[in-house]
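The structure appears right after this line, and notes come after that.
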Amino acid sequence: MKLINFLKNLITIDMKKLSLSIALVFMTTLNIFAQSEIDMATGLRSSGKIYVVVLVMLVLFLGIAGYLFILDRKITRLEKKQNQK
C-alpha cells in the first residue's frame, strides 16, 4: 500500500514538473514568434542568398535520409542472414 502511494506521489510530482516545463517552452516560443521581422532572414531574402541556404539544407537532409535508408537496408540484410543461420 505504501508503495502504491509513493508511486502516485512520484507521478504527480513528475506531471507537475512536466506541465511547468511545457508551459515555459510554450511561453518562450510565443515570445520568439512575436517578433515582427528577423533582420538576418530579411537580408538573406533581399540578396537572394536564402535560396542557397535552403538548397544546402535540402542537400544535407536528402544526404542524411539517403544514408539512413541505405543503412537500414544493410542492417535488414544482415538480420536476415543472422536468422537463417
Side-chain angles (χ1 to χ4, degrees):
M1 192 66 167
K2 290 181 182 180
L3 180 64
I4 294 173
N5 288 335
F6 174 74
L7 291 175
K8 285 181 182 179
N9 289 337
L10 187 64
I11 291 171
T12 305
I13 291 170
D14 287 342
M15 291 301 289
K16 287 179 185 177
K17 288 180 182 178
L18 179 65
S19 60
L20 286 174
S21 299
I22 290 173
L24 180 65
V25 169
F26 183 68
M27 287 182 201
T28 305
T29 55
L30 283 179
N31 188 20
I32 291 171
F33 290 128
Q35 297 174 357
S36 59
E37 285 191 33
I38 300 172
D39 294 331
M40 184 176 64
T42 305
L44 287 173
R45 199 176 306 120
S46 66
S47 66
K49 293 179 183 177
I50 191 73
Y51 300 112
V52 175
V53 173
V54 171
L55 182 65
V56 168
M57 289 177 59
L58 181 66
V59 167
L60 285 172
F61 176 76
L62 291 176
I64 292 171
Y67 174 72
L68 289 175
F69 179 73
I70 291 170
L71 191 64
D72 183 53
R73 284 190 356 205
K74 287 181 180 180
I75 291 173
T76 304
R77 244 184 265 138
L78 285 172
E79 286 174 344
K80 285 181 181 179
K81 268 188 186 178
Q82 185 68 26
N83 288 338
Q84 287 177 356
K85 289 183 178 181

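The figures here come from the full heavy-atom set of this structure, side chains too, leaving out hydrogens, waters and symmetry mates.
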remark   = dist K80:NZ -> Q82:CD (nearest 0.5 Å) comes out at 14.5 Å

Gap separating the CZ atom of R73 from the CG atom of L68, nearest 0.5 angstrom = 13.0 Å

query = Do I75 and Y67 belong together in a cluster built from hydrophobic side chains that touch within less than 4.5 Å?
reply = yes

Side-chain donor-acceptor pairs of residues 46-57 under 3.5 Å, sequence neighbours excluded:
residue, atom, partner, partner atom, Å
S46, OG, T42, O, 3.3
S46, OG, G43, O, 3.0
S47, OG, G43, O, 3.1
S47, OG, L44, O, 3.4

